[in-house]
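Data first, discussion second: the structure below is written as structure tokens.
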Amino acid sequence: MNPANPTMNATFSEILRALEPARTVLVASHLRPDGDALGSTIAFALWLKSIGKEVAAWNEDGMLEKFRYLPEADLVAAPSGSGRKFDAFIALDTSVKNRLGTVLDAIEEPATFINIDHHISNARFGALNYIDSASPATGQIVFEFLKAAGAKITPAIAANLFAAISTDTGSFQYPNTTARTFQVAAELIEAGVNVGALSQAMYDTQPRRRLELLRHALNEVKFFFEGKVASFSLTQADVARLGVLPEDNEGIIDHLRSVDGVIAAVFFEELEGGKVRVSSRSKDPRVDVCKVCGLFGGGGHALAAGARMSGGIAEVAEKFLKALGDEVGRIA
Ligand code: 5GP
Ligand code: MN
């Protein structure tokens, strides 16, 4: 442990030692979870169970329908109860505490608070922090951790970690994908991942309402700054009309980013209660969307970041696009 220097990483063996005496462990990840958040959570929980811990796996949004294909998906539940006691708590893929939603409200301060993540903007809010921003997915860190722990990588653990890594690297395409990522993927396949079936569930299966959302997005898309920025918006009225769920909009932004000449894409989603969720992507390392989101209290990665901003959707869009235009303009 490095209490004197909270910015320094704990080692895997320090984390293992801290977990050893724990009988009850809670694992959780960020709200509006993606494949990395849920896959890492399930894999970690399965390993803890296999070594005899009593485990709860929570996510603010519970288990999303679109990730039901993950083996042992039922392990994940929404936070419940109050004053719940756990000997240890592990936050995965979560850059700041408030991205855990109400998870911490439901529990008493655990003796051991562990934070494992790959976000460069991670606030190191744990007592033991393992943050590797060079890792393309929290799932890849969890894999290395489980190997260090001497864990048996069961087919269910392997599929969850493969899904975590595959989804967070855009199917092994983003620039932070390394040779190690492919080595890890190879080991996971050897451990029992059915690549064809899992990939079909991840990338080739969607509810029809998501196609309707894509139709809407393509109708609404706007270009700015000589076509270097593309954006689209989704209002509460659109959500009601299209009958879409929050989980449906993940990935729609990739269609905008893929356009020739577009450097950054942004999606504005009107939430209930006067807030707007901003989701942004860059495809040029010189354009740092994490920095832009940081101006508005958000964060994430240089090439994929988000924020929640107060105000009307048009006003938020104008403010954010202006800041993004400044960032894009720096490299023009
Ligand atoms: P997405 O655009 O897919 O929601 O998120 C992209 C990345 O930005 C993810 O790594 C996510 O954790 C991070 N992110 C999204 N929204 C927020 C936010 O409101 N605050 C912070 N700190 N990070 C965010
Ligand atoms: Mn992640």
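Counting begins at 1 with the first residue of the sequence. Just so we're clear, the structure is a prediction, and the values are computed from it rather than from any experiment. In listed order, ligands and their atoms are each counted from 1.
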In the protein, what heavy atom is nearest to [atom], and what distance, to one decimal place, separates them?
atom: atom 4 (O) of ligand 1; result: Arg277 NH2, 3.0 Å
atom: atom 12 (O) of ligand 1; result: His119 NE2, 3.1 Å
atom: atom 19 (O) of ligand 1; result: Ala307 CA, 3.4 Å
atom: atom 11 (C) of ligand 1; result: Arg99 NH2, 3.6 Å
atom: atom 2 (O) of ligand 1; result: Ser279 OG, 2.6 Å
atom: atom 18 (C) of ligand 1; result: Gly306 O, 3.5 Å
atom: atom 23 (N) of ligand 1; result: Gly299 O, 3.2 Å
atom: atom 6 (C) of ligand 1; result: Arg281 NH1, 3.6 Å

Inset, instruction - For the residue pair Asn129 and Asn9, confirm or rule out a side-chain donor-acceptor distance under 3.5 Å. - result: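 Asn9 and Asn129 do not have a side-chain donor-acceptor pair below 3.5 Å.
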Legend entry - Chi angles and distances behind the ring pair (Phe, Tyr, Trp, His ring centres under 6.0 Å) call for Phe89, Trp58: CA-CA 11 Å; Phe89 172 74; Trp58 285 357; 8.6 Å; no
Taking all atoms of both residues into account, what is the closest heavy-atom pair of [X] and [Y], and its distance?
X: Gly243; Y: Arg209; value: O-CD, 3.3 Å
X: Pro136; Y: His118; value: O-CE1, 3.2 Å
X: Val244; Y: Leu213; value: CG1-CB, 3.9 Å

Would you mind naming the N, O or S atom of [X] nearest to the Mn ion (ligand 2)?
X: Asp36; answer: OD2
X: Asp93; answer: OD1
X: Asp168; answer: OD2

Inset, instruction - On the 0 to 90° scale, with breaks at 30° and 60°, tag the His119-His301 ring pair as parallel, tilted or perpendicular. - result: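 The arrangement is parallel - the two ring planes meet at less than 30°.
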Inset, instruction - Evaluate the side-chain proximity of Leu161 to Val142: yes if any heavy-atom separation is below 4.5 Å, no if none is. - result: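 Touching, per the 4.5 Å side-chain cut-off.
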Atom indices of ligand 1, in the order listed, that fall short of 4.0 Å to a heavy atom of [X]:
X: His301; value: 10 (O)
X: Arg308; value: 19 (O)
X: Ala304; value: 6 (C), 7 (C), 8 (O)

Inset, instruction - Can you measure from CD (Gln206) to CG (Leu211) and round to the nearest 0.5 angstrom? - result: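 Answer for the CD-CG pair, Gln206 versus Leu211, is 5.5 Å.
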Inset, instruction - Kindly say whether the aromatic ring centers of Phe145 and Tyr130 come within a distance under 6.0 Å. - result: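 They do not qualify: ring centres at least 6.0 Å apart.
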Legend entry - Polar side-chain atom of Gln140 near backbone of Ala137 as donor-acceptor pair, under 3.5 Å: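 Looks like no, no N/O pair under 3.5 Å.
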Inset, instruction - Using atom types as modelled and distance alone, determine if a side-chain donor or acceptor of Glu14 lies under 3.5 Å from a backbone N or O of Thr11. - result: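 Here the side-chain-to-backbone pair exists.
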Legend entry - N, O or S of His118 under 2.8 Å from the Mn ion (ligand 2):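 Yes.
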Inset, instruction - For ligand 1, note which part of Arg32 has a heavy atom under 4.0 Å away: side chain, backbone, both or neither. - result: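 Arg32 to ligand 1: no contact under 4.0 Å from either part.
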Inset, instruction - Please verify whether a non-hydrogen atom of Ser121 lies at under 4.0 Å from ligand 1. - result: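 The answer is no: ligand 1 sits nowhere under 4.0 Å from a heavy atom of Ser121.
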